[in-house]
Amino acid sequence: MHGRILDVVKATQIPERMTSQGRRLTRQRVIVAEALASARRALSAQELYERIKPSHPTLGRATVYRALEAQVQDGMASRFEREGHVSAYVACDAEHHHHLVCTRCQRVDDLDETAIAPLLSSVGRKHDFQVDHAALDFYGLCRSCRRKRS
């Protein structure tokens, strides 16, 4: 089962999620988190900075980078690697999940733990290994991008 990541990230939850992780709530961090949550796709720090700059011209690029890294550390965002070793970020739900990342449009969908459970069980049996935690991201083309390609 998968769903749009950003359908479950609500702007009203952002301050609460930040402070629950022990972060000091600042206007800049909230601006960055809200902009990322409203993007509805993975964005590089530079792309996010360019989105924010027109409405918040005093917000610095370094602030955006630091705020994104704090969100990743706190589980509020995930970082993906694009071609050319460029990091892209997407807002995440608090529940543990995995991701389907479209390499063309940067759409990111959640893939919950139940879809991965058979794989983890198989790995455990085959390698006599107890998996405590897994972080899996699958890269490819979403349905819309595959249709456009045909």
Side-chain angles (χ1 to χ4, degrees), residues 1-26 28-49 51-52 61-150:
M1 176 181 196
H2 70 280
R4 293 286 300 164
I5 278 181
L6 302 174
D7 290 343
V8 294
V9 177
K10 307 277 188 266
T12 56
Q13 296 172 338
I14 289 171
E16 180 183 319
R17 286 185 66 193
M18 282 183 173
T19 56
S20 74
Q21 297 298 318
R23 295 272 175 201
R24 190 169 55 91
L25 191 63
T26 67
Q28 293 89 345
R29 288 180 183 153
V30 172
I31 289 167
V32 172
E34 287 176 348
L36 185 63
S38 68
R40 303 214 170 268
R41 66 183 188 93
L43 296 173
S44 70
Q46 180 64 32
E47 290 167 334
L48 189 60
Y49 170 73
R51 278 181 170 229
I52 294 170
R61 186 184 330 253
T63 301
V64 172
Y65 280 88
R66 284 191 304 269
L68 286 170
E69 286 306 313
Q71 286 183 57
V72 170
Q73 290 172 7
D74 294 345
M76 292 180 61
S78 287
R79 181 186 320 107
F80 303 102
E81 189 171 319
R82 289 183 180 167
E83 281 187 40
H85 303 289
V86 174
S87 292
Y89 301 83
V90 67
C92 283
D93 181 14
E95 298 299 315
H96 181 70
H97 55 274
H98 309 281
H99 302 103
L100 302 172
V101 182
C102 181
T103 55
R104 180 175 289 159
C105 71
Q106 301 302 309
R107 174 182 166 160
V108 180
D109 288 331
D110 280 344
L111 184 63
D112 70 25
E113 204 66 29
T114 59
I116 304 301
L119 172 65
L120 296 179
S121 181
S122 174
V123 166
R125 282 191 311 275
K126 184 173 181 177
H127 299 280
D128 191 21
F129 186 83
Q130 179 183 337
V131 177
D132 295 323
H133 176 79
L136 299 171
D137 300 321
F138 297 90
Y139 294 83
L141 296 175
C142 68
R143 179 180 302 169
S144 177
C145 288
R146 283 193 323 272
R147 285 184 186 150
K148 289 176 189 173
R149 191 173 169 181
S150 301

D132/Q130 under side chain to side chain contact (heavy atoms under 4.5 Å, CB included): CA gap, chis, key distance, verdict
CA-CA 6 Å; D132 295 323; Q130 179 183 337; 3.1 Å; yes
Interatomic spacing from [atom1] in [X] to [atom2] in [Y] - rounded to 0.5 Å:
{"X": "M76", "Y": "Q71", "atom1": "CE", "atom2": "CD", "result": "5.0 Å"}
{"X": "L36", "Y": "R41", "atom1": "CG", "atom2": "CZ", "result": "11.0 Å"}
{"X": "D109", "Y": "C102", "atom1": "CG", "atom2": "SG", "result": "9.5 Å"}
{"X": "T103", "Y": "E83", "atom1": "OG1", "atom2": "CD", "result": "7.5 Å"}

Sequence neighbours left out, what passes side chain to side chain contact (heavy atoms under 4.5 Å, CB included) with V131? Give chain and number order.
L120, V123, F129, A134
Going by side chain to side chain contact (heavy atoms under 4.5 Å, CB included), name the residues that satisfy it together with H85, two or more places apart in sequence or in a different chain.
E81
Shortest non-hydrogen contact from [X] toward [Y]:
{"X": "C142", "Y": "C105", "answer": "SG-SG, 3.8 Å"}
{"X": "A42", "Y": "E47", "answer": "O-OE1, 4.3 Å"}
{"X": "L43", "Y": "A39", "answer": "CD1-CB, 3.3 Å"}

Pair R17 + D74, salt bridge at N-O below 4.0 Å
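Looking at R17 and D74, the cut-off is not met.
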With R29 via salt bridge (charged side-chain N to carboxylate O under 4.0 Å, His left out) - residues at least two apart:
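If we apply the salt bridge (charged side-chain N to carboxylate O under 4.0 Å, His left out) test to R29, skipping adjacent residues, there are no hits.
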Got a list of side-chain donor-acceptor pairs under 3.5 Å for residues 61-70, not counting sequence neighbours?
from : atom 1 : to  : atom 2 : distance (Å)
R61  : NH1    : Q46 : OE1    : 2.4
T63  : OG1    : R66 : NH2    : 3.4
E69  : OE1    : R79 : NH2    : 2.4
E69  : OE2    : R79 : NE     : 3.3
E69  : OE2    : R79 : NH2    : 3.3
E69  : OE2    : Y89 : OH     : 2.7

Using modelled atom types and a 3.5 Å cut-off, is there a donor and acceptor pairing between side-chain atoms of T19 and backbone atoms of P15?
yes
Is the backbone N or O of C145 less than 3.5 Å from a side-chain atom of R104, with the two atoms forming a donor-acceptor pair by type?
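Yes; at least one donor-acceptor contact below 3.5 Å.
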L136 vs L111 side-chain heavy atoms within contact, under 4.5 Å
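SC-SC contact between L136 and L111 ruled out.
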Test side chain to side chain contact (heavy atoms under 4.5 Å, CB included) applied to L100 and V108, step by step
CA-CA 6 Å; L100 302 172; V108 180; over 6 Å; no
Step-by-step side chain to side chain contact (heavy atoms under 4.5 Å, CB included) determination, I14 to E34:
CA-CA 7 Å; I14 289 171; E34 287 176 348; 3.6 Å; yes
Does S121 have any side chain to side chain donor-acceptor pair (under 3.5 Å) partners at least two apart in sequence or in another chain, and if so, which?
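Side chain to side chain donor-acceptor pair (under 3.5 Å) list for S121, sorted by chain: R125.
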Just jot down the side chain to side chain donor-acceptor pair (under 3.5 Å) partners of R143, sequence neighbours excluded, or say none.
none
Give a yes or no on whether the ring-centroid distance for H99 and F80 is below 6.0 angstrom.
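Yes.
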Stepwise, does the side chain to side chain contact (heavy atoms under 4.5 Å, CB included) test hold for D110 with H98?
CA-CA 6 Å; D110 280 344; H98 309 281; over 6 Å; no
